[in-house]
Amino acid sequence: MHREMTEEHQHYLESDESDVFGFWLYIMSDCILFSVLFATFIVLNMPGTGGPDLKNYIDLKYVLIETFFLLASNFVFGLAVLNLNQDKIAKVQTWLVISFLFGLCFVFLELREFINLASEGFRWDYSGKASSFFTLVGTHGLHVSCGLFWVLIMIIQLSFIRETHIVKRRMTYLGLFWNFLDIVWIFVFTVVYLVGAL
Amino acid sequence: MHAQNNLPDFGTGQKTLSIYLIGLIACVILTLISFGAVMAQVFPKNITFVIIFLSAIIQFLVQVIFFLRLNTQTEHGKLNVMSFVFTGVILFCLVFGTLWIMSDLNYNLM
């Protein structure tokens, strides 16, 4: 009886391993999506292209605050994973809520920035530069919003899923996704905002 | 029961608070270097350009090693790294290929 159970458990672990690898491949394909958007952005922002420059509209301090919110959210998610390893579900949920709030601040600041840009005349339908900016940063923002929704679902699921391996697997997916978004943001703020402001 | 206590890491490495903290501090410093270099405007443009890209690449590596915990310790970890490198190659071809073609077109149409 005991032997059967461990075999079954072993089977779960093996299928979980390949599931996580599949999710990793999804993230890799998402990287390629972002790389194409980056390439488009750089091409449409080469010297000599028409339309107003992003430079005149952005405030780097504002972007810096956004960056720190996303980084903090990512770090706090790491703390949640640490508590998951010690099976403290209530603590995991608390950290996830904090991580969610940081992420929410990020999305809120980004939306406010978009609205400000649009009202000051840097609109997505105005030039190729503006379109590529809103597509790239907007796609990232959309990913973060989906991630936030997912964190929320995870918090609810944590309170009634008792099988550790399922929770662990889902948290691994979410952790990979959340981390990936922060990594993409490094390149967004460097290529879009910092180079744009140079 | 043993397997329950020793949960799998799915090739994402062992997580500890100290590693996360080192990663966090490194990311904060590198972000501040990037933004500081652009906002202070003390260096010429091309040097600032090199600084922000170097710091972005270092921060990328810090995040991958300290937060994502990409490693080659296990079989799964090796698969992750392999697909990661493969993606890097495709990404490089896409971005630099595009830039190369477009700048060439730009040059020839001038």
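Everything numeric in this text was worked out from a predicted model, so none of it was measured. Worth knowing before you read on, the calculation uses all heavy atoms, side chains too, and leaves out hydrogens, waters and symmetry mates. A note on names: the letters A, B, ... follow the listed sequences, proteins ahead of strands, and every chain is numbered from 1.
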Parallel, tilted or perpendicular: rings of B:F60 and A:F187 (30°, 60°):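 Perpendicular, since the angle between the ring planes exceeds 60°.
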Which of [options] touches chain A most, by non-hydrogen pairs under 4.5 Å:
options	answer
B:V28, B:I90, B:V64	B:V28
B:Q63, B:M39, B:K45	B:Q63
B:L99, B:I57, B:T48	B:L99

Under the side-chain contact (heavy atoms from CB on, under 4.5 Å) test, residues paired with A:S99 that sit two or more places apart: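 Scan of A:S99 (side-chain contact (heavy atoms from CB on, under 4.5 Å), adjacent residues dropped) gives A:S73, A:V76, A:F77, A:W178.
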Which residues, numbered in order, of [range] come under 4.5 angstrom of chain B by heavy-atom distance?
range	result
residues 23-37 of chain A	A:W24, A:L25, A:M28, A:C31, A:I32, A:S35, A:V36
residues 59-69 of chain A	A:L60, A:K61, A:V63, A:L64, A:T67, A:F68
residues 102-111 of chain A	none

So for atom [atom1], which belongs to [X], do other residues, nucleotides or ligands contribute more than 12 heavy atoms lying within a distance under 6.0 Å?
X	atom1	result
A:W95	CH2	no
A:W150	CH2	yes
A:M46	CE	yes
A:Q86	CD	yes

Between [X] and [Y], is there a shared hydrophobic cluster once you connect ILVMFWY residues whose side-chain heavy atoms come closer than 4.5 Å?
X	Y	value
B:V95	B:F86	no
B:V50	B:I58	no
A:I115	A:Y57	no
B:L54	A:W185	no
A:L152	A:L101	yes

Atom pair CD1 (B:I19) and CG (A:L82), whose distance is rounded to the nearest 0.5 Å: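 Atom-to-atom, B:I19:CD1 and A:L82:CG are 9.5 Å apart.
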Reported SG-to-CD1 distance for the pair B:C27 and A:I186, which is rounded to 0.5 angstrom: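 It is 6.0 Å, given to the nearest 0.5 Å.
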Verdict with reasoning, B:F35 to A:Y193, per ring pair (Phe, Tyr, Trp, His ring centres under 6.0 Å): CA-CA 9 Å; B:F35 278 84; A:Y193 292 101; 8.2 Å; no
Which atoms of [X] come close to chain B, meaning under 4.5 Å heavy atom to heavy atom: side chain ones, backbone ones, both, or neither?
X	result
A:F21	both
A:D19	neither
A:V195	both

Trace of the side chain to side chain contact (heavy atoms under 4.5 Å, CB included) decision for B:Q41 with A:L198: CA-CA 8 Å; B:Q41 292 182 326; A:L198 262 183; over 6 Å; no
CA sep, side-chain torsions, deciding dist, call: A:I42, B:T98, side chain to side chain contact (heavy atoms under 4.5 Å, CB included): CA-CA 9 Å; A:I42 297 169; B:T98 308; over 6 Å; no
Side chain proximity check, A:F38 to B:L94, heavy atoms < 4.5 angstrom: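 When only atoms from C-beta onward are counted, B:L94 and A:F38 do not touch, as no gap falls below 4.5 Å.
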Validation row: B:Q59, A:I183 side chains within 4.5 angstrom (heavy atoms):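 B:Q59 vs A:I183: side chains apart.
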Which of A:A39, A:A72, A:G78 touches chain B most, by non-hydrogen pairs under 4.5 Å: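 With the most close heavy-atom pairs to chain B, the winner is A:G78.
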Contact winner vs chain B - A:T190, A:L194, A:V43, heavy-atom pairs under 4.5 Å: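 If we count pairs closer than 4.5 Å to chain B, A:L194 comes out on top.
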Proximal component of B:L30, with respect to chain A [non-hydrogen, under 4.5 Å]: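 Nothing of B:L30, per the 4.5 Å heavy-atom cut-off to chain A.
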Engaged part of B:F84 at the chain A interface, taking heavy atoms whose separation is under 4.5 Å: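 Contact with chain A is through both the backbone and side chain of B:F84.
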